[in-house]
Novice: 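Questions regarding the structure given below will be posed in turn.
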Amino acid sequence: MISRRTFIRNLGKGILIIAGSTVLPLNLLARERKLNLDTDAPRARYWVSVETASSCAVCHGPVPMSGGGSYRHEKNLIRCLLCAQGCFIRAGKRGRCRARMNVDGELRSLVYGRPVAIHTDPIEKKPFYHYLPGAAAFSLATTGCPLSCRFCQNWEISQAAPEDHPVPYTPPDVIVHMAQKNKAPVIAFTYNEPTVFTEYMVDIAKEAKKRGIRSVLVTCGFMNEDPLSELCSCLDAIKVDLKGFSEDFYREVCGAELYPVLKTIKFIAKKKVHLEIVNLVVPTLNDSESMISALADWLYKEVGPDVPLHFTRFHPDYRLLNLPPTPVEVLERARKIAMKRGLHYVYVGNVPDHPANSTYCPNCGKMVISRTGFFVKQIHIKNGKCAFCNRKISGVWA
């Protein structure tokens with residue numbers, strides 16, 4: 001199996017589906033139907049026409065206009081309500097994610113049925129460490145993302161437009177069939193920001209559930225509550241990238257805001273969908289002891305001690321080629337801080353064979369899941385409990 005980095009690089013040479021060790025052109029597996037981006041793209045959900053909105057608060061919030069005037073808008077202007085960017089989109093234009101377009105006053109999804117990357121990964125690669133360890137995850141992505149993280153490792157697709165990677169239409173049932181053919185018990189929505197293909201994701205997840213296949217999401221957590229509620233109703237696990245614990249960091253490095261991500265994490269926890277958190281530790285930008293401490297304190301207070309937290313190593317990429325890889329000792333320090341704050345399951349990621357890739361019982365301290373890289377070597381969990389002391393280990397094990 002090739003690395004994710006090599007896999008993503010291959011996209012620039014031609015769109016490929018990579019299933020296990022077999023490399024196949026996507027058009028051999030998709031139905032023979034090309035989509036015209038403007039006219040054939042299906043209608044999206046989660047938007048409002050500014051002209052017909054029942055309340056000005058939909059667009060402008062509760063702040064009244066000075067002088068008692070009224071708002072006037074150009075014809076066919078719409079507002080996307082999918083993510084926290086809240087884009088106002090003129091006719092013929094797209095939202096910040098590049099995946100949703102205003103076509104004659106109607107929002108269309110330009111990426112529904114248009115996966116540009118498909119790959120079978122170990123679920124630990126997402127990373128999920130407390131959800132079906134050792135399972136194969138049939139993973140897919142489209143183009144597009146509402147963020148613009150300067151350190152993005154998948155920028156070739158996340159920062160691309162749909163027409164940059166023209167592919168045939170692949171309906172949800174074909175995706176599920178491919179997962180079955182690859183004997184994958186899990187479908188993972190990942191690589192780019194899957195929020196931008198919410199409609200496609202929901203349809204795949206519902207079809208997968210009929211066939212006994214589970215669905216998981218890897219997300220930046222920047223969606224609004226209504227679409228998030230729908231996703232929680234049909235997904236089995238969600239991993240959120242909490243990119244830092246500073247509004248300045250989110251604005252300057254990611255082109256986003258922290259607060260919506262924190263709301264998302266709390267909402268998922270409240271819905272009791274399996275949740276894991278990743279923090280990519282970037283040298284000089286989000287690696288201070290105070291920021292790590294604040295992040296750990298917030299998770300302990302708002303989510304609880306049993307949420308798995310992964311501190312992962314940064315490697316220079318995209319627009320941050322000037323920074324060095326994260327020193328391993330910085331990741332180890334972050335782990336110690338979080339565990340001292342009361343979190344039970346804290347990991348060091350992107351450092352192959354590090355002892356903190358494995359899972360330890362919070363009670364007896366013994367290793368209950370042994371990992372080498374992304375692969376599980378041994379599991380000492382029986383009926384959801386530590387095989388040594390019988391203490392419950394948080395997660396989904398079967």
Side-chain angles (χ1 to χ4, degrees), residues 41-66 69-112 142-150 152 158-159 161-162 189 192-202 217 219-232 238 240-244 246-268:
R43 190 176 191 269
R45 298 202 300 277
Y46 302 113
W47 59 277
V48 64
S49 168
V50 173
E51 289 181 282
T52 60
S54 59
S55 169
C56 283
V58 171
C59 300
H60 302 283
V63 181
M65 287 190 67
S66 59
S70 61
Y71 293 103
R72 296 183 64 187
H73 296 290
E74 60 188 85
K75 187 177 180 181
N76 287 340
L77 182 67
I78 63 177
R79 188 181 192 190
C80 181
L81 303 176
L82 179 63
C83 88
Q85 296 288 9
C87 295
F88 289 93
I89 308 174
R90 295 183 173 93
K93 302 298 182 180
R94 306 183 191 189
R96 182 167 170 174
C97 67
R98 297 167 295 278
R100 301 164 85 78
M101 182 176 182
N102 180 341
V103 179
D104 296 326
E106 181 176 84
L107 191 65
R108 304 285 187 91
S109 170
L110 304 182
V111 293
Y112 187 102
T142 69
T143 58
C145 181
L147 274 61
S148 51
C149 300
R150 292 165 58 195
C152 184
S158 71
Q159 302 304 308
F189 307 103
N192 74 319
E193 173 45 52
T195 298
V196 305
F197 61 91
T198 288
E199 298 87 357
Y200 191 41
M201 178 170 23
V202 167
L217 167 64
T219 178
C220 66
F222 206 62
M223 67 280 281
N224 287 328
E225 186 170 305
D226 284 348
L228 177 59
S229 180
E230 181 178 30
L231 291 174
C232 285
I238 300 175
V240 177
D241 289 313
L242 182 52
K243 299 175 185 292
S246 158
E247 287 288 1
D248 288 342
F249 176 84
Y250 261 87
R251 292 188 190 110
E252 295 169 12
V253 182
C254 304
E257 305 286 335
L258 170 62
Y259 179 66
V261 181
L262 299 183
K263 281 182 62 179
T264 289
I265 292 171
K266 290 172 65 174
F267 187 91
I268 296 167

Novice: Among residues at least two apart in sequence or on other chains, which ones pass salt bridge (charged side-chain N to carboxylate O under 4.0 Å, His left out) with K93?
Specialist: none
Novice: For N224 versus L81, what's the shortest heavy-atom pair and its separation?
Specialist: ND2-O, 2.7 Å
Novice: Please give me the minimum heavy-atom distance between L110 and P162, naming the atom from each residue.
Specialist: CB-CG, 3.7 Å
Novice: Nearest 0.5 Å, please: how far is CD in E257 from CG in L262?
Specialist: 11.0 Å
Novice: Do C97 and Q85 have side chains that get closer than 4.5 Å, going by heavy atoms?
Specialist: no
Novice: With side chains defined as the heavy atoms from C-beta onward, is the minimum distance between L242 and L258 less than 4.5 Å?
Specialist: yes
Novice: Tell me, do I238 and C232 make a side-chain contact under 4.5 Å, heavy atoms counted?
Specialist: yes
Novice: Using a 3.5 Å distance criterion without hydrogens, assess whether the side chain of T198 forms a donor-acceptor pair with backbone atoms of T195.
Specialist: yes
Novice: Side chains of L228 and F222: does their closest heavy-atom pair fall under 4.5 Å?
Specialist: no
Novice: Minimum heavy-atom separation for C87 and R96, please, with both atom names.
Specialist: SG-N, 3.4 Å
Novice: Can you see which heavy atom on L231 is nearest to which on M223, and at what distance?
Specialist: CD1-CE, 4.2 Å
Novice: Does the side chain of C80 come within less than 4.5 Å of Y46's, by heavy atoms?
Specialist: no
Novice: Which residues satisfy the ring pair (Phe, Tyr, Trp, His ring centres under 6.0 Å) test with F189, sequence neighbours excluded?
Specialist: none
Novice: Please check if the side chain of R79 supplies one atom and the backbone of V50 the other of a donor-acceptor pair under 3.5 Å.
Specialist: no
Novice: Specify the closest pair of heavy atoms between G221 and V240, including all atoms of both residues, with the distance to one decimal.
Specialist: CA-CG1, 4.2 Å
Novice: Just verifying a value: how many Å separate L107 CG and S49 OG, rounded to the nearest 0.5 Å?
Specialist: 11.0 Å
Novice: Do N192 and T143 get their side chains close enough for a donor-acceptor pair, meaning under 3.5 Å?
Specialist: no
Novice: Determine yes or no for a side-chain-to-main-chain donor-acceptor pair under 3.5 angstrom, with E247 supplying the side chain and A256 the backbone.
Specialist: no
Novice: Looking only at atom types and distance, does a side-chain atom of R94 sit under 3.5 Å from a main-chain N or O of I89, one as donor and one as acceptor?
Specialist: no
Novice: Test your reading of the model: is there a side-chain donor-acceptor pair from T264 to the backbone of P260, 3.5 Å cut-off?
Specialist: yes
Novice: Where do T219 and E193 come nearest, in terms of heavy atoms and distance?
Specialist: OG1-OE2, 2.9 Å
Novice: Check salt bridge (charged side-chain N to carboxylate O under 4.0 Å, His left out) between E106 and all other residues, then give those that pass, not counting sequence neighbours.
Specialist: R43, R108
Novice: What do the steps show when you test R150 against E252 for side chain to side chain contact (heavy atoms under 4.5 Å, CB included), and what is the final call?
Specialist: CA-CA 9 Å; R150 292 165 58 195; E252 295 169 12; 5.6 Å; no
Novice: Side-chain contact, heavy-atom cut-off 4.5 Å: V196 with P146?
Specialist: yes
Novice: For the pair E199 and R100, find out whether any cationic side-chain nitrogen is under 4.0 Å from an anionic carboxylate oxygen.
Specialist: yes
Novice: Report the distance from atom NZ of K243 to atom OH of Y250, rounding to the nearest 0.5 Å.
Specialist: 6.5 Å
Novice: State, yes or no, whether a side-chain contact exists between Y200 and P194 at a heavy-atom distance under 4.5 Å.
Specialist: no
Novice: Are C220 and V261 packed together at the side-chain level, in the sense that at least one heavy-atom pair is separated by less than 4.5 angstrom?
Specialist: no
